2 protein chains.
Amino acid sequence: MNDKLSMTFSALADPTRRAILVRLTKGESNVTELAKPFLKKMSLPAITKHLKVLENAGLIVKTKEAQYRSCEINTKPLDEATLWMDQCREVWVESFDRLDDYLKKLQNTKTNRGKKYGKGKKR
Amino acid sequence: MNDKLSMTFSALADPTRRAILVRLTKGESNVTELAKPFLKKMSLPAITKHLKVLENAGLIVKTKEAQYRSCEINTKPLDEATLWMDQCREVWVESFDRLDDYLKKLQNTKTNRGKKYGKGKKR
DNA sequence: TTAATGTTTAACCTATTGGTTAATTAACCG
DNA sequence: CGGTTAATTAACCAATAGGTTAAACATTAA
């Protein structure tokens, strides 16, 4: 899992990490502050790891401030993810506007002894 | 990983599965057809598993047609994911419109012997 | 009925994930 | 300096993910 998009989605696939991100929309925060709501559920190192995942995905930026590590949200990866999803929502609609495509498919099926895929009658 | 959102993001966190989804935006297809572009890389059962993940996330719907399993994309989970992301993009902006919040924070720091989090001077 | 095609299941393997506790590093403060 | 607070690293563990091959199941076609 090396590509940007996979890392983004993977980072978002955990409720703790998502909660941290939402928390960060209300303003930057350091690790202990961020961890506070989760310390009944898990340890501080667990949070450190989650933050590392978010950081690797580019979803947060950490900056040193004295002993503290200030975390800030970075929404750019979200934009790319959204973009991909949008592309994915442009679904092919079976309509007579697309008669061309339909006829081409039909043509193909002749040579395909009974195979009814691609674009069969819906259900 | 039981919640809907986690399942959606997790399903999208794999390039093979994303490619399958994109493929399905061009129209429904059966398993062997879907698998075709990947069979140099992986086996058919691998694809079956990927499809199961997508199905569990509600991103595809499979319907029996004779021996075939016709897969159709369902973009509803994408909508929910996008909605979450949008919420996450509404970032708190440090501005003088929010002077109230700022002053409250400042008030708190008095009792907090030198702790500079929450909303410190940005960098 | 048998053969062929499409798809899934079973059993297994390895790497990764998400968590733990204990120890370590880093910076500040009295 | 020595203690306290902030955060990470190390070493470990169990569960899950993603892949494999071989076998099984389902439906059609001959």
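Lettering of chains follows the sequences in order, A, B, ..., and the numbering in each one begins at 1. Source: prediction; values computed, not measured.
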Check the pair B:Arg18, A:Asp3 against salt bridge (charged side-chain N to carboxylate O under 4.0 Å, His left out), reporting the backbone distance first and the verdict last. CA-CA 12 Å; B:Arg18 285 201 305 277; A:Asp3 66 296; 2.7 Å; yes
Quick one: [X] [atom1] to [N] [atom2], roughly how many Å, whole number?
X	N	atom1	atom2	value
B:Glu33	C:dT5	CD	C1'	13 Å
B:Phe38	D:dG19	CZ	P	11 Å
B:Glu55	C:dT9	CD	C1'	15 Å
B:Gln67	D:dA29	CD	C1'	9 Å
A:Glu65	D:dT5	CD	P	20 Å
A:Asn2	C:dT16	CG	P	11 Å
A:Arg69	D:dT9	CZ	C1'	13 Å
A:Leu34	D:dA6	CG	C1'	13 Å

Is the shortest side-chain N/O distance from A:Lys52 to OP1 or OP2 of D:dT9 below 4.0 Å? no
Check whether any side-chain N or O of A:Ser43 sits under 4.0 Å from OP1 or OP2 of C:dG19, and answer yes or no. no
Nearest atoms (heavy-atom pairs only) where A:Pro77 meets A:Lys4: CG-NZ, 4.2 Å
Check A:Ala66 against A:Arg69 and note the closest heavy-atom contact, atom names and distance. O-NH1, 3.9 Å
Rounded distance [0.5 Å steps], CG in A:Leu78 versus SG in B:Cys88: 5.5 Å
Distance check, rounded to the nearest 0.5 Å: A:Asn74 atom CG versus A:Leu54 atom CG? 11.5 Å
Take A:Pro45 and A:Lys64, find for each the nucleotide of DNA chain C with the closest heavy atom, and name the residue whose nucleotide sits nearer the 5' end. A:Pro45
Between the protein and nucleotides 13-18 of chain D, list every N/O to N/O distance that falls short of 3.5 Å.
unit_1: D:dG18; atom_1: OP1; unit_2: B:Arg17; atom_2: NH2; d: 3.3
unit_1: D:dG18; atom_1: OP2; unit_2: B:Arg17; atom_2: NH1; d: 3.1

At 4.0 Å (heavy atoms only), tell me whether B:Leu44 reaches a base, stays on the sugar-phosphate, or touches nothing. base
Is the shortest side-chain heavy-atom distance between A:Val31 and A:Leu44 below 4.5 Å? yes
Check this for me: does any side-chain nitrogen of one of A:Arg89 and A:Asp86 sit under 4.0 Å from a carboxylate oxygen of the other? yes
Candidate nucleotides C:dT8, D:dA6, D:dT27, ranked by approach to the side chain of A:Tyr68 - the nearest: D:dA6
